[in-house]
There are 2 protein chains.
Amino acid sequence: MTAEKAKGKAARSNSNVTIVDIARLAGVNPSTVSRALSGSSAVTLQTRARIAQIAKESGYIANHNARMLRSRKANQILVIVPNIAAFSHPDVILGIEEALEEYNIGVIVGSTKGSEAREIALARQLVTGAADGLILLNGRLPDELGELTHYSRRIVAISRPVANPGIAFVGIDNEQAATEATRYLLSLGRKRIAHIGGPEQSPIFAARARGYRTAMEQAGLEDISDVQHFSSFDIAAGRDAMRSILSRKQLPDAILCASDELAFGAIQVARERGIKVPEQLAFIGFDNHPVSEAFSPALTTISVPRRRLGVLGAQTLLRQIDADVDVAEPQLLPYEFLVRASCGRNGFAS
Amino acid sequence: MTAEKAKGKAARSNSNVTIVDIARLAGVNPSTVSRALSGSSAVTLQTRARIAQIAKESGYIANHNARMLRSRKANQILVIVPNIAAFSHPDVILGIEEALEEYNIGVIVGSTKGSEAREIALARQLVTGAADGLILLNGRLPDELGELTHYSRRIVAISRPVANPGIAFVGIDNEQAATEATRYLLSLGRKRIAHIGGPEQSPIFAARARGYRTAMEQAGLEDISDVQHFSSFDIAAGRDAMRSILSRKQLPDAILCASDELAFGAIQVARERGIKVPEQLAFIGFDNHPVSEAFSPALTTISVPRRRLGVLGAQTLLRQIDADVDVAEPQLLPYEFLVRASCGRNGFAS
DNA sequence: TTGAAAGCGTTACCAC
DNA sequence: GTGGTAACGCTTTCAA
């Protein structure tokens, strides 16, 4: 009987020594062990030390699942990204991890890859209690959660806002940034400025396009402007966009790209066709891709404080959960405009 | 009393409707509901349908934690990456997710960022039962797990092997790839070939350096070869390496870089100094970075089947867990050598 | 085919 | 301060 039980115990997969074992070893009640291990001041310092000692020696590791079940919190938050392979998200995630580390809250990452099924599966993690909160980098609240309004405080959107009201948001002012970049091109004397945009359903790319248009209109140049929207914003889309632009009668003398990757692809094609960058055609990108400085020509771009967005987003989430309040106002962090070689020098037009 | 209880229930955070509620609604026992929901054929098709219906209507969602606690499996595997911001890991993760999706196994990702504490915290997820298995992309078995040999079947290393014996491995033959790349440069008539290596403690970079040396020695060119090892393998390290190379009396006529990023940095500096790439100096990178094709000049490189590595790694892990066997032999997938402009054309020396 | 009951390992509540 | 006990929501025997 005893042998069988021992065998059964050994055969079980995970951490074998439980709080009950510790209790037996220490000659106290399991609840005391629980309290001691969680550092409750209701337990003598002495007993606490003794129990900690025993726990350590016996290699005790708390069972996450049991703890989660009983205490109704997972100590984990879930980050939903559209595509983990996009270079920009990992930096944000790093920031999130950084902010949550000190609270001993783990971060789990799930990418939707555009699949709605996957989105729902991930969203359930919040509902089932596998995660205490949700950080959305995909600009979309999973339908599953749209109705469960009492979850709104457990959700924060970073970079891309979601349409639903009441969801906290942390990002940058994309419209303003695009306006500033366009104005910079204008200040260099460029007049025929095109815009290669990203997917226009995306609020982020819509804002960048808006910013561009604003600057052009204010300069009285709305006629020459040219906005393109692609279903993607990667290098291949940049190549396509450039080919399309090159097929027209009159070329632009500058292009504001909605992402650095779009710019990479566009510049590649332009150079292949013998166009001099930046002399004939200036470029500005968006996002400060790691390669943008090493690229030839080094790419002028807007640097988004991704890491800091992650930190602030995580902090906002914690604040909402702990204090059970809404952070209604969108929080916008400053971006940085990085001037590099791809725009040429001042005085182009003179 | 009843009111208080109801209030308590409402106040509880997560999914409110439980298996017991469904049971009550359906007029059956909770165990029947459990069986029905898991599709057990021991339940009448009729009852099963009815229960499914009720569950759906009431918005029932199974509590992950309770299920995990009882059934002793998490239906989740953990992927440990050194740095989620490195471009290469996400592709592998995508492959892993892809392979596990059909089994309804979730993927959680944790990055160690070189911190041992973080590594241990992540490793515990396996021990506490929060994860059923571990996929290591960091080339290192957390110390925590080194002694727990009975966990070895729940661990698979991808890309970078771990030193510990008995851990399954999936990767490519880096040594062979480096040899092939070097031979290609030799075939173009290049003779003074340098190597910019990554951190030499890393088996992956050590293998690439070895492959380079082998090719050089076999060509009788060991004297002119030049291996450098940096603590990193990013763009900044590439710049540093190139500056160091440029400070010497005699320049190489080709450089094999241990990563595309190293190549990006090195090429940038070389071009800034007026060196013609590839005419004077040819380059080969490693990993087929997304930007490598758009880079100027387009970078010759070795393409690693990252996604497929992820798929195979995940499948291997499942096989080990389900069949409880070891997959002892390292599994090597074929890489692809992509010739682009950065090496120039055949006949350089003639 | 279904019901009853016993746990999984932990924490929370109520006594003492 | 500590012990006892119930409960978290589910799965899984064992009976019926």
Side-chain angles (χ1 to χ4, degrees), chain A residues 4-5 8-9 11-51 55 58-75 124 127-130 132, chain B residues 1 4-5 8-9 11-51 55 58-75 124 127-130:
Chain A
E4 196 190 339
K5 192 172 179 190
K9 204 148 201 181
R12 283 189 199 126
S13 53
N14 297 320
S15 175
N16 27 27
V17 31
T18 78
I19 233 174
V20 179
D21 299 321
I22 307 286
R24 198 162 3 87
L25 256 45
V28 297
N29 192 279
S31 51
T32 304
V33 176
S34 172
R35 281 186 287 251
L37 257 28
S38 67
S40 159
S41 58
V43 181
T44 329
L45 212 65
Q46 238 179 19
T47 350
R48 246 191 288 172
R50 192 160 51 92
I51 289 177
S58 58
Y60 166 78
I61 295 178
N63 181 311
H64 200 129
N65 312 339
R67 182 173 276 176
M68 265 155 65
L69 176 60
R70 181 64 235 218
S71 62
R72 298 179 155 282
K73 41 189 276 194
N75 283 322
R124 290 227 166 131
V127 184
T128 63
D132 298 321
Chain B
M1 214 55 153
E4 194 191 340
K5 193 171 180 189
K9 203 150 202 178
R12 283 189 199 127
S13 53
N14 297 319
S15 174
N16 26 28
V17 33
T18 77
I19 232 174
V20 179
D21 299 322
I22 307 288
R24 198 163 359 87
L25 255 46
V28 297
N29 190 279
S31 52
T32 304
V33 176
S34 171
R35 280 186 286 251
L37 257 28
S38 67
S40 159
S41 58
V43 181
T44 327
L45 211 62
Q46 239 180 19
T47 349
R48 247 191 287 172
R50 193 160 51 91
I51 289 177
S58 58
Y60 167 76
I61 293 178
N63 181 310
H64 202 128
N65 314 338
R67 185 173 274 177
M68 265 157 63
L69 177 59
R70 181 64 232 225
S71 59
R72 295 176 158 283
K73 42 189 276 191
N75 283 322
R124 290 228 167 131
V127 184
T128 63

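Chain letters run A, B, ... following the sequence lines, proteins first, then strands; residues in each count from 1.
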Heavy-atom side-chain proximity of B:Ile22 to B:Ile51 below 4.5 angstrom: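 With C-beta onward as the side chain, the pair touches.
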Could you go through residues 34-41 of chain A and list every donor-acceptor pair under 3.5 Å that involves a side-chain atom there, pairing it with any protein atom two or more places apart or in another chain?
| unit_1 | atom_1 | unit_2 | atom_2 | d |
| --- | --- | --- | --- | --- |
| A:Ser38 | OG | A:Ser34 | O | 3.3 |
| A:Ser38 | OG | A:Arg35 | O | 3.0 |
| A:Ser40 | OG | A:Ala42 | N | 3.0 |

Closest nucleotide among [options] to the [X] side chain:
| X | options | result |
| --- | --- | --- |
| A:Asn29 | D:dT5, C:dG3, D:dC10 | D:dT5 |
| B:Arg70 | C:dT11, D:dC10, C:dA4 | D:dC10 |
| B:Ser34 | D:dG9, D:dT11, C:dT10 | D:dT11 |
| B:Arg72 | C:dC8, D:dC10, D:dT11 | C:dC8 |

Verdict with reasoning, A:Arg50 to A:Val28, per side chain to side chain contact (heavy atoms under 4.5 Å, CB included): CA-CA 11 Å; A:Arg50 192 160 51 92; A:Val28 297; 4.1 Å; yes
Given 3.5 Å as the limit, does a donor-acceptor pair link the side chain of A:Thr44 with the main chain of A:Gln46, or not?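 The answer is no, because no donor-acceptor pair under 3.5 Å joins these two groups.
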So, does A:His64 use its side chain to make a donor-acceptor pair with the main chain of A:Ala74 at under 3.5 Å?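 Yes.
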Could you say whether A:Pro30 or A:Val43 is positioned toward the 5' end of DNA chain D, judged by the nucleotide with the nearest heavy atom to each?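 Per heavy-atom nearest nucleotide, the more 5' residue is A:Val43.
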5'-most contact on DNA chain D: B:Leu69 or B:Thr32, nearest heavy atom basis?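 First, find each residue's nearest nucleotide; the 5'-ward one identifies B:Leu69.
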Round to the nearest Å and state the distance from [X] atom [atom1] to [N] atom [atom2].
| X | N | atom1 | atom2 | answer |
| --- | --- | --- | --- | --- |
| B:Ile61 | D:dC8 | CD1 | P | 19 Å |
| B:Arg50 | C:dT2 | CZ | C1' | 12 Å |
| A:Ile51 | D:dG3 | CD1 | C1' | 12 Å |
| B:Gln46 | C:dT1 | CD | C1' | 12 Å |
| A:Asn63 | C:dG9 | CG | C1' | 6 Å |
| A:His64 | C:dT11 | NE2 | P | 11 Å |
| B:Leu45 | C:dT2 | CG | C1' | 16 Å |
| A:Met68 | C:dC8 | CE | P | 19 Å |

Specify the closest pair of heavy atoms between B:Thr128 and A:Ala62, including all atoms of both residues, with the distance to one decimal.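 Minimum heavy-atom separation between B:Thr128 and A:Ala62: CG2-O, 3.2 Å.
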Can you name the closest pair of heavy atoms from A:Asn63 and A:Ala66 and give their distance?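 Reported closest heavy-atom pair: OD1-N, 3.0 Å.
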Heavy atoms within less than 4.0 Å of DNA chain D: which residues of residues 35-42 of chain A have one? Give them sorted by number.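 When residues 35-42 of chain A is checked for heavy atoms under 4.0 Å from DNA chain D, the hits, listed by number, are A:Arg35, A:Ala42.
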When we call it a touch if two heavy atoms are under 4.0 Å apart, what does A:Thr44 touch: a base, just sugar-phosphate, or nothing?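 Here A:Thr44 touches the backbone only, sparing every base.
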Look at the side-chain N and O atoms of A:Ser31 and state whether any lies under 4.0 Å from the OP1 or OP2 oxygen of D:dT5.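 Checking A:Ser31 against D:dT5: no side-chain N or O falls below 4.0 Å of OP1 or OP2.
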